[in-house]
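Naming convention: chains lettered A, B, ... in sequence-line order (proteins, then strands); numbering from 1 in each chain. The figures here come from the full heavy-atom set of this structure, side chains too, leaving out hydrogens, waters and symmetry mates.
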Amino acid sequence: ERFTMDEGLSMAVREVFVRLYHDGLIYQGDYIVNWCPRCRTAISDLEVEYQPQQGNLWNVRYPMAEGDGGIVVATTRPETMLGDTAVAVHPDDERYRELVGKEVILPLVHRRIPIIADDYVTMEFGSGAVKITPASDPNDFAIAGRHNLPILRIMDDNAVINENGGPYAGQDRYECRRSVVRDLESGGFLVGTEPYTHNIGRCYRCKTDIEPAVSRQWFVRIAPLAKEAIAAVVTGKTRIVPASWEATYFEWMNNIRDWCISRQIWWGHRIPVWTCEGCGKVIVASTDPDACPGCGGAKLRQEEDVLDTWFSSALWPFSTLGWPEDREALRTFYPTSLLVTGFDILFFWVARMMMMGLYVMKEVPFRDVYLHALVRDENGEKMSKSKGNSIDPLEMMDRFGTDAFRFTLAAFSAQGRDVRMSEERIEGYKFFINKIWNAARFSQMNLADYSPEISVSSAEESIADRWIRARLARAASEVTRGLDEYRFNDASAAAYQFVWHELCDWYLELIKPALYGEKKATARRSAQKTLFETVSASLRLLHPFIPFVTEEIWQSLIADGRSIMVSEFPSAEAIPTDLAAEREMALVMEVITRIRNIRGEMNVAPSLKLKVALDSAEEGALSTLEKGRGYIENLANLEALSLTREGAERKGAATAVAGPVRVSVFLAGVIDFAAEKARLGKEIAKIEKEMGGVGKKLANPDFLAKAAEAVVRKEQEKARLFGDKKAALEAALARVAALADGG
RNA sequence: GGGCGGGUAGCUCAGCUGGGAGAGCGCCACGCUUACACCGUGGAAGUCACAGGUUCAAGUCCUGUUCCGCCUACCA
């Protein structure tokens, strides 16, 4: 479906405005807004930048109109006193109780203004009395509304004092401040001045101090709309993830103020309101009227203000789908399933889309809102163009690769936290991409003669083949879960862990003999098939994180002529679990690791082929090891491996324990008894530390009585395993000690 | 002032519903073994900010203290 965005958006904006207007949700009114005297436009509360600024707190005495005495007020902006229309105190303030209702004389302009009581006033601050300037302060404006006070504008749109300022007319606001302070002082009204730091609001664009000012603006009566948007989140029609942001959302929505939507700027959607110059009739229409429907006059004047850009942004979920026309795209894709955005525009944009979506479409615009982390610079500061501390993503992509950068963002995106971008981390993932590339090369080299049609019976599959398939199923399940729950760091970590540390570190090494040894053709075929399928699935798992490299490899290696984008995402359910293979490989792998550990710790050259004996009292363990014999011999670099049932004396051997298996590495002639003694001692100490915790738990009757049964059983099993291991290590230590002592 | 988040290995950080302290980088030792030295194998390293409490059990829950960060605000 084709329609131009600009036209569609304009239509939608006008249509929504008209509907709101006719529902009584848009009004024009005099209201105090943040006015930028330089841009000569109102800006929204959210666009004001606050900065602490050093100023003064001037204490000024206003004399009573009748009799003696007076009341002291404090102000940071003495020039605004010209527009004061009251002095307010707290209703509970004993000091001023009898003054409420009386009048004071406003110095310099000699106007009588009343003393009123309003609980906005903080008794503890200053003198406890506040001057009220409705036209120059939002709070004062609100108080004026409550007490029917006159609103007196003393400045024009350029923040220059107007005729209401009497002798100060024509002065700029800051020039006027100096004049007023000088005159208050000479008139004896200034009772004190103290330095004071407070926040000054500035225009986000031109950095000019904003001037709260009363002016005629257009507003959306927002409370009814907010009510619906709040309900949508309360009832779960829309979920905010992470949920911690819901509180912030509610806080803001419950205290929302009417939305000032008019802007006095040059660019934007012009407000679709016309006034007939003949009869004064106001016309609100979604298409330009030719003549006044009241008097027929053709002299119509359109409102000059334009709409806040967020007004049209709020319509995005449906205006982009062709609304107000009833298009198929709109019916299909509204509401969308997910909005991904930054929390910094939760209010600007998300909440407003919610309100407008519910108002116009009678349905939430999206089911889930995922608020991602904000990327900060390495000092934790928010990146911004004005600060110049932005990390240029294009530069990062040039240096480390687009996929590496993208994977880094996923890996960093733990929920509820901001991230500090780190080049080291990106580099680490660049290495990961490289690893994948090399694994693909390995696969390509060994799959040249492979065809996916080749069938392999399950009987031909090796333990390694079965094992990697089972591990793949787990990885697929973890990645899927991470993505489903918007835990992208968990998802990316699961993929990373599987591909590097299981597929590359173990599986590729395990099958090398089958691939290019003199093994049977069946073993080779099975390894090839499993390799092909595992790499294929891995690429698909990784594709959401690293689209470019996976597509490239997919095309050259898997090559079914279609993009990896339209391939099926691996499903854990489709891959059979294989606990037996996982358990058996775990033992084989541990034995290999134990042998390597001895090699490393005893400083035996990696090139030296070793003789190893494995003893176990468990028949099952021995048969597993027999099945894994080839893997052990190859990956531990052995020249001989014997498996025996009885734990015979192993002279001149270094010892380790892998589950129910005693590992003896023969180091005849090269064994360093002192080193072996130290190594065993270290192992035993480690075991003892673990046994300590377990033993303490099992000795505690409360633990046995109150802990879950499964937990207790687990601890008991652990105690047994640790006990066995310790005994075996201690026996080895005693033997080595004897040999060492004997020379 | 209010709200929120955080203080876990040298660094950057994971640790969801309380039950074996983890990863990456860095560091140490050995190794260019025919995918990869952007690599491999092995190793060292933490009073989980502090103090209480709940619990058989606390990095994980509660209270307080402290330090850091972010957001927000109308004490003139």
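Taking the side chain of Trp500(A) as heavy atoms from C-beta on, and the options C39(B), A76(B), A35(B), the nearest nucleotide is C39(B). Closest to the side chain of Asn434(A), out of G42(B), C36(B), G19(B), is C36(B). The Tyr120(A) side chain lies nearest to A76(B) when the options are A76(B), C56(B), A29(B). Relative to the side chain of Phe703(A), the nucleotides A35(B), C56(B), A76(B) differ in distance, and C56(B) lies closest. Closest to the Glu715(A) side chain, of the nucleotides A76(B), G19(B), C16(B), is G19(B). If you check A76(B), A44(B), G20(B) against the side chain of Leu57(A), the one that comes closest is A76(B). Out of G43(B), A35(B), A76(B), the shortest distance to the side chain of Lys682(A) is found at G43(B). Proximity note for Phe125(A) (side chain, C-beta onward) versus C56(B), G42(B), A76(B): the nearest is A76(B). Listed candidates were U12(B), A76(B), G19(B). Nearest to the side chain of Val130(A) is A76(B). Closest to the side chain of Lys430(A), from the set A35(B), G20(B), C38(B), is C38(B).
Side-chain atoms of Ile468(A) and Leu531(A), non-hydrogen and from C-beta on, never get closer than 4.5 Å to each other.
As rounded to the nearest Å, C62(B) and C74(B) have P atoms that lie 31 Å from one another. Taking the C1' atom of each, A45(B) and U8(B) are spaced 14 Å apart, rounded to whole Å. Rounded to the nearest Å, the gap between the C1' atom of G15(B) and that of A9(B) is 14 Å.
Of the two residues near RNA chain B, Asp505(A) and Ala129(A), the one whose nearest nucleotide lies more 5' is Asp505(A).
Here His501(A) does not reach the OP1 or OP2 of G22(B): none of its side-chain N or O atoms lies under 4.0 Å away. Distances shorter than 4.0 Å separate some side-chain N or O of Tyr516(A) from OP1 or OP2 on A35(B). For Arg599(A) and G31(B), the shortest distance from a side-chain N or O to OP1 or OP2 is not below 4.0 Å.
If you check distances only, the side chain of Arg481(A) does reach the base of C16(B) with a donor-acceptor pair under 3.5 Å. One can find a donor-acceptor pair under 3.5 Å joining the base of C36(B) and the side-chain atoms of Lys435(A).
Between the side chain of Arg61(A) and the backbone N or O of Leu190(A), no donor-acceptor pair lies under 3.5 Å.
Straight-line distance from the CD atom of Glu478(A) to the P atom of C16(B): 15 Å, rounded to whole Å. Atom NZ of Lys512(A) and atom P of G40(B) are 11 Å apart (whole Å). Ile71(A) places its CD1 atom 13 Å from the C1' atom of A76(B), with the value rounded to the nearest Å. C74(B) atom C1' lies 12 Å from atom CD1 of Ile210(A), rounded to whole Å. At whole-Å resolution of the value, CD1 in Ile143(A) and P in C74(B) are 13 Å apart. Between the CD atom of Glu423(A) and the C1' atom of C38(B) there is a distance of 16 Å, rounded to whole Å.
Residue contacts for Pro138(A): at a heavy-atom cut-off of 4.0 Å it reaches no nucleic acid atom on any strand shown. Residue contacts for Ala142(A): at a heavy-atom cut-off of 4.0 Å it reaches no nucleic acid atom on any strand shown. Among the protein residues, Leu508(A) comes within range of the nucleic acid bases, having at least one heavy atom under 4.0 Å from a base atom. In this structure, Lys714(A) reaches neither bases nor backbone, as no heavy-atom distance under 4.0 Å exists between it and the strands shown.
A ring-ring contact (aromatic ring centres under 6.0 Å, His included) with Phe407(A) is found for one member of Phe488(A), Tyr429(A), Phe412(A), Phe400(A) and no other, namely Tyr429(A).
If you check C70(B) for Watson-Crick or wobble pairing at under 3.5 angstrom, you find it paired to G3(B).
In this structure, CD1 on Ile210(A) lies 11.5 Å from CZ on Arg202(A), to the nearest 0.5 angstrom.
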